[in-house]
Each structure stands twice: as C-alpha cells, then as structure tokens.
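Residue numbers run from 1 in the order of the sequence given. The analysis underlying the following values was restricted to heavy atoms, covering all of them including side chains, and did not include hydrogens, waters or symmetry mates.
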Amino acid sequence: MPKPTRDPENSDIRRILIVDDHAVVRRGLVDLVNQEPGLEVCAEAGGAAAAIKAVEKHNPDAAIIDISLGDTSGLELIKQLKVLRPQMRTLVLSMHEEELYCERALHAGAHGYVMKDRPPEQIIRALRSVLNDRLYVSDRMSARLIEKVAGTTKAADVPLTSTLSDRELEVFELLGRGQTTGEIADTLHLSVKTVQSHRENLKRKLKLHNSTELLQRAILWWQEQSRSR
C-alpha cells in the first residue's frame with residue numbers, strides 16, 4: 001500500500017508494483033520498499049491478470065515480479081508488460097535458482113534478477129539499479145554469463161533443464177506442483193494436445209523413458225525449488 005503522507009503527483013517519487021502470489025511475501029516487500037526514501041508501492045497483485053490491471057491503472061515506474069504466479073509464469077507476464085509498458089522497469093525476485101531463470105528473465109525483458117534469500121539491502125540495491133536504467137544480476141551470475149559469451153562454460157555445469165523452452169519449463173513446473181495435463185491446459189490457456197506435445201518434448205530433452213519418470217523428475221525438481229523458499 002502507498003504511504004499516505006506522500007504526494008502521488010510528486011515526480012521525485014518512484015512508484016513500484018509488487019507481484020507475488022504469496023500475500024505474506026507481498027506484505028514484507030511493501031514494508032521494505034515503503035520505508036525507503038523516494039520509493040513507494042502504488043499497488044500489489046497476486047497474479048498476472050491483476051498485475052496488468054494494476055499497471056494500466058497506476059502506471060508504475062517499476063515492478064518487482066516473482067517467477068511462479070498462480071495464473072501464469074512471471075516470464076510470460078514480463079513479456080506482456082514489455083509490450084504494454086516498454087518504459088517500465090521489471091525486477092525478478094524469485095526463490096528459483098538464478099542459473100536456470102536469470103538469463104530467461106533477461107531475454108523476456110526483465111532488467112534484473114535477485115534471489116529471495118538475499119538481504120533486504122541487496123533487494124533495494126537491485127531495485128534502484130533497474131530504476132536507474134542499469135541491469136542487475138549477482139556477481140556469480142554475471143561471471144556465468146561472461147563465461148557463456150566467451151564459450152568457456154563446461155558442459156557438466158549446464159543442467160538439462162536449461163535446454164527447455166520457457167513454455168516447456170512452465171509445464172514442467174506445473175507437473176511438479178501436482179497439476180494434471182488438463183489442469184495445466186486450463187492454467188496456461190492451452191489445448192490439451194499442446195500440453196501433451198510439451199510433455200513429449202520434456203521426456204526427450206530430459207532423456208526420460210515414460211510419463212512416470214517425467215512426473216517423478218518434475219516432483220523432485222519442484223521439491224528442490226520449494227526448499228529454497
């Protein structure tokens with residue numbers, strides 16, 4: 001929620017949208033941002049649809065977005081916001097490992113990526129960085145991206161999940177979260193046939209033999225991701 005003492009017409013105040021499907025996390029971020037000079041939260045949203053409405057209504061300067069949302073992925077939301085408000089800055093704040101999602105987020109149009117387990121001051125530093133038109137990634141991720149450009153990344157350091165497309169990774173995550181093919185189709189607004197095709201691609205890329213192995217791998221992967229929350 002915005003600070004009641006601030007003038008919304010003050011151009012020196014940078015307005016921030018918080019997008020996360022966990023209300024407790026949103027509340028913590030609202031408090032964190034609102035205590036910073038020159039920043040205020042103008043709106044918060046629990047999913048992509050609500051986020052788009054908030055952007056259209058409040059026209060924020062930046063949005064802090066989680067990767068995993070209830071109605072779609074944060075990556076898809078970032079792509080939509082890039083078209084809707086190309087001047088708005090987006091910072092991904094996620095529990096997902098940056099080695100898997102940071103580069104995807106940047107390709108989608110994000111201006112920074114920071115892990116949820118980072119200290120509050122680092123999250124604010126990342127937010128101020130993207131507000132000042134600078135990309136923000138961790139030193140470790142910066143080094144990995146440089147290695148990739150230089151062609152010095154070792155094959156053993158590249159997880160098989162990095163070969164998945166954004167949509168395939170989204171389907172993989174939803175499988176791990178316990179959704180059926182039909183439920184995934186509804187969540188992603190896809191046909192069941194399209195989801196089935198993604199499942200076949202997942203088995204091939206992850207070198208799995210059948211749907212049981214795919215489901216087991218997806219559940220284990222999601223459990224590993226969830227433990228870092």
- prompt: Under 3.5 Å, side chain of Arg204 to main-chain N/O of Glu200, donor-acceptor pair present?
  reply: no
message: Hydrophobic cluster membership, with links at side-chain heavy-atom distances under 4.5 Å among I/L/V/M/F/W/Y: are Ile219 and Leu175 in one?
response: no
Straight-line distance of Arg177 CZ to Gln223 CD, nearest 0.5 Å: 13.5 Å
- prompt: Do Leu164 and Leu215 belong to the same hydrophobic cluster, where Ile, Leu, Val, Met, Phe, Trp and Tyr are linked whenever their side-chain heavy atoms lie under 4.5 Å apart, directly or via other members?
  reply: no
message: Under the side chain to side chain donor-acceptor pair (under 3.5 Å) definition, can you give me all pairs with a residue in residues 50-59, not counting sequence neighbours?
response: Asn59-Arg85
- request: Without swapping roles, check the side chain of Lys203 against the backbone of Leu208 for a donor-acceptor pair under 3.5 Å.
  value: no
message: Tell me whether His111 contacts the main-chain N or O of Thr90 through its side chain, where contact means a donor paired with an acceptor under 3.5 Å.
response: yes
task: Kindly indicate whether the side chain of Pro60, heavy atoms from C-beta on, has any atom under 4.5 Å from the side chain of Ile16.
output: no
Candidate pair Glu36 and Arg128, rule salt bridge (charged side-chain N to carboxylate O under 4.0 Å, His left out), full reasoning: CA-CA 10 Å; Glu36 288 294 316; Arg128 291 193 183 278; 3.3 Å; yes
message: Once ring pair (Phe, Tyr, Trp, His ring centres under 6.0 Å) is applied, what residue pairs with a partner in residues 169-188 remain, sequence neighbours excluded?
response: Phe172-Trp221
- prompt: Salt bridge between Asp20 and Arg27, side-chain N to carboxylate O under 4.0 Å?
  reply: no
task: Over all heavy atoms of both residues, which pair between Gly47 and Val19 is shortest? Give the atoms and the distance, please.
output: O-CG1, 4.1 Å
query: Heavy-atom distance under 4.5 Å between the side chains of Val114 and Gln122, does that happen here?
result: yes
- prompt: Do the non-hydrogen side-chain atoms of Glu40 and Val33 ever get within less than 4.5 Å of each other?
  reply: no
- request: Provide the closest heavy-atom pair for Lys79 versus Asp166 in the form atom of the first, atom of the second, distance.
  value: NZ-OD2, 3.1 Å
message: Quick check: do Leu93 and Ile65 have side-chain heavy atoms less than 4.5 Å from each other?
response: no
- request: Report the C-alpha separation of Thr194 and Ser191 in whole Å, then their side-chain angles, then the decisive distance to 0.1 Å, and conclude whether the side-chain hydrogen bond (donor to acceptor under 3.5 Å, both in side chains) test is met.
  value: CA-CA 5 Å; Thr194 298; Ser191 69; 2.8 Å; yes
task: Check the pair Glu170, Ile184 against side-chain contact (heavy atoms from CB on, under 4.5 Å), reporting the backbone distance first and the verdict last.
output: CA-CA 9 Å; Glu170 195 171 9; Ile184 294 172; over 6 Å; no
query: Under a single-linkage definition using a 4.5 Å side-chain heavy-atom cutoff for Ile, Leu, Val, Met, Phe, Trp and Tyr, are Val192 and Val171 assigned to the same hydrophobic cluster?
result: no
From CG (Leu188) to OG (Ser73), nearest 0.5 Å: 8.0 Å
field: Gap between atom NE2 of His198 and atom NZ of Lys205 - 0.5 Å precision
entry: 9.5 Å
Asn132 and Arg89, any side-chain heavy atoms less than 4.5 Å apart: no
task: Check each of Leu32, Asp31, Leu29 against Pro120 using the side chain to side chain contact (heavy atoms under 4.5 Å, CB included) test, and report the only one that passes.
output: Leu32
- prompt: Could you walk me through whether Leu75 and Ile67 pass the side-chain contact (heavy atoms from CB on, under 4.5 Å) check?
  reply: CA-CA 6 Å; Leu75 296 178; Ile67 289 291; 3.8 Å; yes
Side-chain donor or acceptor of Asn210 paired with backbone N/O of Thr212 under 3.5 Å: yes
- prompt: With no hydrogens and no angle check, do the side chains of Ser68 and Glu173 hold a donor and an acceptor under 3.5 Å apart?
  reply: yes
message: Using the rule given for side-chain contact (heavy atoms from CB on, under 4.5 Å), can you reason through Tyr101 versus Glu103, listing the C-alpha separation, both sets of side-chain angles and the distance that settles it, and then say yes or no?
response: CA-CA 6 Å; Tyr101 277 98; Glu103 190 173 358; over 6 Å; no
task: Check Asp61 against Arg14 and note the closest heavy-atom contact, atom names and distance.
output: OD2-CA, 3.3 Å
message: Measuring from atom OG of Ser197 to atom CG of Leu190, what distance do you get when rounded to the nearest 0.5 angstrom?
response: 10.5 Å
- prompt: How long is the span from the OH atom in Tyr136 to the CG atom in Leu127, to the nearest 0.5 Å?
  reply: 11.5 Å
- request: Could you give me the CA-CA distance, side-chain angles and deciding distance for Asp21 and Arg26, then say whether salt bridge (charged side-chain N to carboxylate O under 4.0 Å, His left out) is met?
  value: CA-CA 8 Å; Asp21 61 347; Arg26 292 201 306 272; over 6 Å; no
message: I'd like to know whether Val41 forms a side-chain contact (heavy atoms from CB on, under 4.5 Å) with Leu17, so could you lay out the CA-CA distance, the side-chain angles of the two residues, the decisive distance to 0.1 Å, and finally the verdict.
response: CA-CA 6 Å; Val41 174; Leu17 167 67; over 6 Å; no
- request: Could you tell me whether the side chain of Arg15 and the main chain of Cys42 form a donor-acceptor pair under 3.5 Å?
  value: no
field: Over all atoms of both residues, closest heavy-atom pair of Arg199 and Leu214
entry: O-CD2, 3.8 Å
message: To check you understand the geometry: which heavy-atom pair defines the closest contact between Glu168 and Leu202, and what is its length?
response: O-CD2, 3.6 Å
message: Show the nearest heavy-atom pair for residues Leu131 and Ala62, with the distance to one decimal.
response: CD2-CB, 3.6 Å
field: Pairwise distance OG1(Thr163) to CG(Asn201) - rounded to 0.5 angstrom
entry: 10.0 Å
